[in-house]
Amino acid sequence: FFPSSFFLSSFSSGLGSGSGSGSGSGSSSGSGSGSDSTQWRLVHETDDHNCHSCLEMKGVIERGGAVNKVQGDYRVYPKELSFDQARRRCLSLNMSRSLGHLIMSKDAGISHIPDISKINLQIDSEYLLVMASDGLWDHIHHGKILPVITKHIKPCQNSDATQRKRQLEFGVDELMVRATEHMERVSFGDNVTVLIMRLMPKAKIA
């Protein structure tokens, strides 16, 4: 899931979407005028889908999974196995929800059911929807993500569709680099997936 998340973070997770005058364990959003980062604000973000949440941990255990804390991180695995056995078989995850994992969804209490959030969008506001895997949300604080993206964004009237696409790509590239650099500092590796969508009032679309 995406963000929080591929879980909706962190998604995730995660940033989400929002509105206003000025988004990770998965997604968030923000809105604004698009001229600089001070005019954007975080409006909504999803909850992380991992066992740092007592409710998520409770759900995993009730569905028949087991949870082990390793270096501050909670790992979910099949309770029929010891944690070491599960790790050797690549059957431990740090998330409580996931799509498509046949073994973990059956034997470890991983849920395929998403969290669904609904927010009202203002017709005259712009929005950024940021969806990312925990590889982003776990390594960059949510509060630092929106400024990284919006500093690359220019007002719609000053850019065409190609330029707007490149502006978001610059934001994605910088987030990926920062997340990777943090992983190197803490000697922890993970994959990083980031998607950003810019929603604009119809009248502003060139």
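Rounded to the nearest 0.5 angstrom, Asn120 CG and Ile123 CD1 are separated by 12.5 Å. For the atom pair NZ of Lys151 and CD1 of Ile149, the computed distance is 11.0 Å after rounding to the nearest 0.5 Å. Interatomic distance, CG of Leu91 versus CG of Asp107, reported as 8.5 Å (0.5 Å rounding). Arg97 contributes atom CZ, which lies 10.5 Å from atom CD1 of Ile110 (distance to the nearest 0.5 angstrom). Atom CE of Met95 and atom OG of Ser133 lie 8.0 Å apart (nearest 0.5 Å). Distance check: Glu181 CD to His139 NE2 gives 13.0 Å after rounding to the nearest 0.5 Å.
A side chain to side chain contact (heavy atoms under 4.5 Å, CB included) with Leu175 is found for one member of Thr180, Val192, Val148 and no other, namely Val148.
Val60 and Ser96 get closest at one heavy-atom pair: CG2-CB, 3.7 Å. Heavy-atom minimum distance, Leu136 versus Ala179: CD1-CB, 4.3 Å. A pairwise comparison of heavy atoms in Val70 and Asn68 identifies CG2-ND2, 3.5 Å as the closest pair. In plain terms, the two heavy atoms of Ile196 and Val194 that are nearest each other are CG1-CG1, 4.1 Å. Across every non-hydrogen atom of His52 and Gly72, the tightest pair is CE1-O, 3.2 Å. Scanning both residues, Leu93 and His101, for their nearest heavy atoms gives CD1-CD2, 4.2 Å.
Transitive grouping of hydrophobic side chains (ILVMFWY, heavy atoms separated by less than 4.5 Å) brings Leu81 and Tyr74 into a common cluster. Both Ile103 and Ile61 sit in one connected hydrophobic cluster of ILVMFWY residues. Membership requires side-chain heavy atoms under 4.5 Å apart, directly or through other members. Note on Leu195: it does not cluster hydrophobically with Phe170, by side-chain heavy-atom contacts below 4.5 Å among ILVMFWY residues. Taking hydrophobic clusters as Ile, Leu, Val, Met, Phe, Trp and Tyr residues chained together by side-chain heavy-atom distances below 4.5 Å, Ile145 shares a cluster with Met183. Both Met57 and Met104 are members of a single hydrophobic cluster when ILVMFWY side chains are connected at heavy-atom separations under 4.5 Å.
In this structure, Glu56 contributes its side chain and Ser53 its backbone to no donor-acceptor pair below 3.5 Å. Judged by distance alone, with hydrogens and angles left aside, the side-chain atoms of Ser82 form a donor-acceptor pair with the main-chain N or O of Gln85 at under 3.5 Å. No donor-acceptor pair under 3.5 Å is formed between the side chain of Ser92 and the backbone N or O of Ala86. Of the possible polar contacts, none joining the Arg63 side chain to the Ala108 backbone as a donor-acceptor pair under 3.5 Å is found.
Side chains of His49 and Asp115 form a contact here, defined as non-hydrogen atoms less than 4.5 Å apart. Counting heavy atoms from C-beta on, the side chains of Asp73 and Lys69 never come closer than 4.5 Å. Contact annotation: the side chain of Asp160 approaches that of Gln163 to within less than 4.5 Å [non-hydrogen atoms, C-beta and beyond]. Between Ser98 and His112 the shortest side-chain heavy-atom distance does not fall below 4.5 Å.
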Evaluate the side chain to side chain contact (heavy atoms under 4.5 Å, CB included) criterion for residues Leu55 and Asp47: first the C-alpha distance (whole Å), next the side-chain angles of each, then the deciding distance (0.1 Å), finally the verdict. CA-CA 11 Å; Leu55 287 177; Asp47 295 325; over 6 Å; no

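Remark: the His152 side chain and the Glu174 side chain contain an N/O donor-acceptor pair separated by less than 3.5 Å. Counting only N and O atoms by type, the side chains of Asn94 and Asp134 include a donor and acceptor under 3.5 Å apart.
Because its NZ or CZ atom is not both nearer than 6.0 Å to the ring centre of Tyr77 and within 45° of the ring axis, Arg75 does not count as a cation-pi partner of that residue.
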